Asks: 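Structure incoming, see below.
What's counted below: heavy atoms across the whole structure, side chains too, no hydrogens, waters or symmetry copies. From a predicted model like this one, the values you see are computed outputs, not experimental measurements.
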Amino acid sequence: MARGKLRIHLGAAPGVGKTYAMLAEAHRRVERGTDCVVAFVEHHERPRTEALLHGLEQVPRRELEYRGGLFPEMDLDAVLARRPQVALVDELAHTNIPGSRNAKRWQDVEELLAAGVDVVSTVNIEHLESLGDVVESITGVRQQETVPDEVVRRADQVELVDMTPQALRRRMAHGNIYRPDKVDAALSNHFRPGNLTALRELALLWVADRADAYLTQYRSEHRVSKIWGSRERIVVGLTGGPEGRTLIRRGARLAEKGAGGEVLAVYIARRDGLTSASPKELAVQRTLAEDLGGTFHHVVGDDIPAALLAFARGVNATQIVLGSSRRKTWQYVFGPGVGATVARESGPDLDVHIVTHDEVARGRGLPVARGARLGRSRRVWGWITGVAGPPLLAALLNAVDLGLANDMLLFLALTVAAALLGGLLPALASAAVGSLLLNYFYTPPLHRWTIADPKNIVALVIFVAVGVAVASVVDLAARRTHQAARLRAESEILSFLAGNVLRGETGLEDLLERVRETFGMESAALLERASDVEPWSCAGRVGPGRPVDRPDQADVDMPVGDHMALALTGRVLPAEDRRVLAAFAAQAAVVLDRRRLREEADRARTLAEGNRIRTALLAAVSHDLRTPLAGIKAAVTSLRSEDVEWSEEDRAELLAGIEEGADRLDHLVGNLLDMSRLRTGTVTPLIREIDLDEVVPVALGGVPEGSACLDVPETLPMVAVDPGLLERAMANLVENAVKYSPPGAPVLVAGSALADRVEVRVVDRGPGVPDEAKERIFEPFQRHGDAPRGAGVGLGLAVARGFAEAMGGTLDAEDTPGGGLTMVLTLRAAGTRPEHRPAAEPERQAS
C-alpha cells in the first residue's frame, strides 16, 4: 500500500488563515471529485471558518472524559474505517486527551499516512520543537505542544500562509480571531507587533531553508552545474595569510546587501600536506567568520583555482572574494596566479571580487621548513668531496692519460658523490670546480682557459648540466625523505595523543609533560581566563622553567579558543612545529574539560547520595522513629492520667513499653549517627590487642535470651581491633540474624583462625539472600525482601561493614548450608601489619 501524502499549511501565529486555507483547498478538491472528509477541524467560533465547513463530510468525533469533563477528539478508528482519499486534520502539534491511542495528533496523522490516506494539516512556526527556545525568548512563553521538525520536513508540501503583523492585529481588533473579552490582552501580549514580526521572520526563513534544500536536491539529481543565483552566497578564498581577516569582513558586507546572504570562508590545502598555512591564523579567521554569521570550510586539492571553483559551484555560490596576490612582480613569470586564473575560468554566472589589502606584493610568507635535511657529518664530507675532491682527482689524472671522455666521467662521478653526501650546494661546487679543471688541464689547448674544439664545449656544458641535475634530484629526495619522516612522526604523535585522550588514559599534567618532552621545552602550562577582561590563571603546569602568568610572556603560545592558551618556555619553535602543537593544545583543552566534567559528576554523585540518605532519613523519622515515640508518649500520658487507677501489673507493663521504645530509639539513633560518621570519614579506630571472648559475649546482650549461642574457643589468637567498633558491629550482625531466624532456631556465633586472620561467623537459619542481592544488603537504608517497616531503617549491616573496614577487616555474606545466611567477619590477628586504614580526623574517636 502506497504511503499517503502530507500537505501542511504553516503560519507564523494563530489567526493568519491556516484553517481557512485548508478548508478552501478541501472545497477545490471536492469540486474535482476527490473523496475528502473532515477528520478534525476546530473553527474556534470564527464565522467565516465555520461557514467553510458546510458542504464537507465530517467524521463524527469521539468524546473522552478527563477530570470530570468531556472533551472531543478525532476518532482515528472511524477515519481509518471510512478510508477517504484525503483527510483534514487541524492543529498538528495538538496533545491528545489521556486515554487516546496516541499521545500526539501528529502520531495519529502518521497512522493515516501509513494507511495510504492523504492528509492536509496546519501548524504554527512556534510549535516546531527545535524553535522552542527561540520562541520563548521572543514571546516569553514556552510552548508545551510541539511537533518534531522531522515530521514537518518530511511533508510532501509545505505552504506558507502569510499575513503582515498590522493586518493580523486588525483582524484581532475586529474580533475575527478571539472573543472580544480576550482581544485587549492578546494585543498587548502575544500579538504585539515585535512578536508577530519576529515570528513571521522565523516562518519565512524556515520555508526559505526548505526551498533551498529542495533546490540543492534538484540540482544534485539533475546534475545541474550552472549556478542559479536564487540567493547570494559569497565564497571567501583564504590562504592563511593576514589578509584573510580583511577578505572575510568584505564578504560579510557583500552578504548584508543581499536578502538572506551567506558567507562561506574556504581554505584550500594541498593533498601532500607539505605546505600549510599558520594554524594560529586560520583559527583566528575561523572564529571571525563564525562571529560574522558565516561558516568555515577546509578543502583539500592540488589545483587551488580548480578546487576553489568546484567548491563555489557545489554550494551554488554567486560571488567569490579573493585578495590581491602577495607575490612579487618577478614571480608572475611562473604563471598568472590564483586570482587571475579563477577570474578567467569562473564564467558569466560567478562574479569574482579581487580585494586589495596591506600585504599586496609583499611576498607570500609561507612557512619554510628549517633544520638540516642531511646530517652535519654528511654535509661536511660533501663539501670536502665537492671542493677538495676535484683538485685531488686532477692531480691523479695528470699522472695517467685516460682520455677526455674518461676524465669527464670521473669528474661526473665525483660530483654525484658530493651530491649524495652533502646535497645540492656541495655538488654545485664540485661541478663548477670540475668544469674549470677539465677546461684547463684536459681540453685543448691545454693549460689555457680557452676551448678550441666546439664539441668539447658541448661536452663541458653537458657535464655541468648532468651534475646540477643529479645534485637537484638528490637534494629533493633528501628533502622529501625528511618531510616524510617528519609527517610520519607527527602522525604517530597525533595517533598516540588522540587514542590516549579519547580513552581517558592521559591526565592534564601527563599531557603537558608529553608536550614539553616532544618539543624539548623547559616548561609547559595551560592558561585560561573567564573573559577578555579577567586575568589569566594557570590550569596546569609542568617543568622547571620560569613560570608565566600570561601567554605573551612565553616563548611560544598557542591559543585554544578565545580564553585559553598553551604556553611554552625554552625556545622559539619553527613554523612547521606549530601544526602539531595546535593539536596538543586542542587535546589539552579536551582533557581539562573532561577532568572538570568528572569532578562535576563526582560532586553530583555525592549530592545525589546525600539527597538519597536525607530522603531515607526522613522516611525513617516519619515511621521508624515516630512509632516508638508514639508508644512512649501514649504510655506516659496513660500513667499521668488521674482518671484511671492503674494496677501494679498495668503500670509495670506500661513502664516496660516505655523502656522498650527508648531502647529502640537508642538503637536507631546510634545507627544513624554511626552511618553519618562513616559517610563523613570521621571514624578513627583505636586499635589494641584483645581476645574475642572479651567483646563478643557483650554484643549478645541486646538479643533475647536463648536466641543466640556462642562458640568462640579460648585458643583463638588475639585480634587487633577497636573494642567499641567491634562490639557495635557484632551487635548489629547478631540482631539482624535473630530478626530473620525462625522460632526455635538460635543464631550461632562461631570463631575460627585462618593463617594471620581470625573469622567470626554469625549463622542463621532464615530465608537467606539470593546471590545478586548479597552486596546490596550492605548499602544504607536497604531492607531485603518483605521486611516489615518496624524492622529498622536498614542501617545495621551498612554500619557493621563500615566499622569492619575501618579496623582493617572485611564483612561478607555467604549461604548457610541447609538454608539461611552466614555473615563472615574477618579480623586482623594481633602482630600483623594492617593492609588498609582509612584516614580520618584525629580528634574524633570511635570508642
Side-chain angles (χ1 to χ4, degrees), residues 663 667 670-671 674 678 683 685-766 768-769 774 777-778 792 795-837 846-847:
D663 290 340
H667 180 71
N671 277 340
D674 290 339
L678 287 171
V683 174
L686 298 177
I687 303 297
R688 63 187 182 90
E689 298 180 357
I690 63 168
D691 288 318
L692 280 179
D693 55 8
E694 297 182 22
V695 179
V696 176
V698 180
L700 272 60
V703 297
E705 186 177 354
S707 60
C709 59
L710 187 62
D711 182 15
V712 179
E714 296 181 357
T715 58
L716 287 179
M718 300 180 70
V719 292
V721 296
D722 183 310
L725 296 185
L726 178 59
E727 179 184 345
R728 294 297 300 272
M730 288 299 306
N732 285 345
L733 293 177
V734 174
E735 290 176 8
N736 183 76
V738 170
K739 187 187 309 177
Y740 289 99
S741 293
V747 173
L748 173 63
V749 181
S752 60
L754 181 64
D756 60 346
R757 316 290 287 177
V758 175
E759 289 185 351
V760 181
R761 293 177 173 267
V762 181
V763 184
D764 68 58
R765 295 293 177 178
V769 176
K774 282 187 173 62
I777 61 176
F778 291 104
L795 284 176
L797 295 181
V799 170
R801 171 172 274 191
F803 284 169
E805 292 176 350
M807 295 183 294
T810 60
L811 178 62
D812 300 293
E814 298 178 355
D815 291 328
T816 301
L821 186 69
T822 298
M823 292 291 177
V824 182
L825 175 62
T826 305
L827 302 172
R828 181 167 52 89
T832 59
R833 290 175 60 89
E835 297 180 1
H836 172 69
R837 180 177 297 176
S847 60

Asks: Please report the closest heavy-atom contact between V749 and V712, naming both atoms and the distance.
Replies: O-CG2, 4.3 Å
Asks: Closest heavy-atom contact between P717 and V758?
Replies: CG-CG2, 3.8 Å
Asks: Would a 4.5 Å heavy-atom cut-off, applied to side chains only, mark R828 and I687 as touching?
Replies: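 Yes, close enough: below the 4.5 Å cut-off.
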Asks: About how many Å separate CE of M718 and CZ of R688, when rounded to the nearest 0.5 Å?
Replies: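 Those atoms lie 8.5 Å apart.
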Asks: Could you check whether any side-chain heavy atom of V760 comes within less than 4.5 Å of a side-chain heavy atom of M730, counting everything from C-beta outward?
Replies: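 Touching, per the 4.5 Å side-chain cut-off.
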Asks: Just to verify, what does E689 make a side-chain hydrogen bond (donor to acceptor under 3.5 Å, both in side chains) with, not counting sequence neighbours?
Replies: none
Asks: Please examine the side chains of V762 and V824, heavy atoms only from C-beta on, and report whether any two atoms are closer than 4.5 Å.
Replies: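 Answer no - side chains too far apart.
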Asks: Contact between L726 and L827 at the side-chain level, heavy atoms closer than 4.5 Å - yes or no?
Replies: yes
Asks: Any chance you could lay out the side-chain contact (heavy atoms from CB on, under 4.5 Å) test for V719 and I690, step after step, and finish with the verdict?
Replies: CA-CA 6 Å; V719 292; I690 63 168; 4.2 Å; yes
Asks: Taking all heavy atoms of D711 and all of L748, pick out the closest pair and write down the distance.
Replies: CB-CD1, 4.1 Å
Asks: Nearest heavy-atom pair of S707 and P704: which atoms, and what distance?
Replies: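 It is OG-O, 2.5 Å.
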Asks: Specify the closest pair of heavy atoms between G751 and L716, including all atoms of both residues, with the distance to one decimal.
Replies: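 Where G751 meets L716 most closely, the heavy atoms are C-CD1, 3.8 Å.
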Asks: Going from CG on L825 to CG on L733, what distance comes out if it is rounded to the nearest 0.5 angstrom?
Replies: 6.5 Å
Asks: Which heavy atom of L700 sits nearest a heavy atom of L710, and at what distance?
Replies: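 Here L700 and L710 meet closest at CD2-CB, 4.4 Å.
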Asks: Do any side-chain atoms of residues 808-819 form donor-acceptor pairs under 3.5 angstrom with protein atoms, and if so which ones, sequence neighbours left out?
Replies:
{"unit_1": "E814", "atom_1": "OE1", "unit_2": "R761", "atom_2": "NH1", "d": "3.1"}
{"unit_1": "D815", "atom_1": "OD1", "unit_2": "K774", "atom_2": "NZ", "d": "2.8"}
{"unit_1": "T816", "atom_1": "OG1", "unit_2": "D764", "atom_2": "O", "d": "3.4"}
{"unit_1": "T816", "atom_1": "OG1", "unit_2": "L821", "atom_2": "N", "d": "3.1"}
{"unit_1": "T816", "atom_1": "OG1", "unit_2": "L821", "atom_2": "O", "d": "3.2"}
{"unit_1": "T816", "atom_1": "OG1", "unit_2": "T822", "atom_2": "N", "d": "3.3"}
{"unit_1": "T816", "atom_1": "OG1", "unit_2": "T822", "atom_2": "OG1", "d": "2.6"}

Asks: Is there a donor-acceptor pair closer than 3.5 Å between any side-chain N or O of D722 and the backbone N or O of L686?
Replies: yes
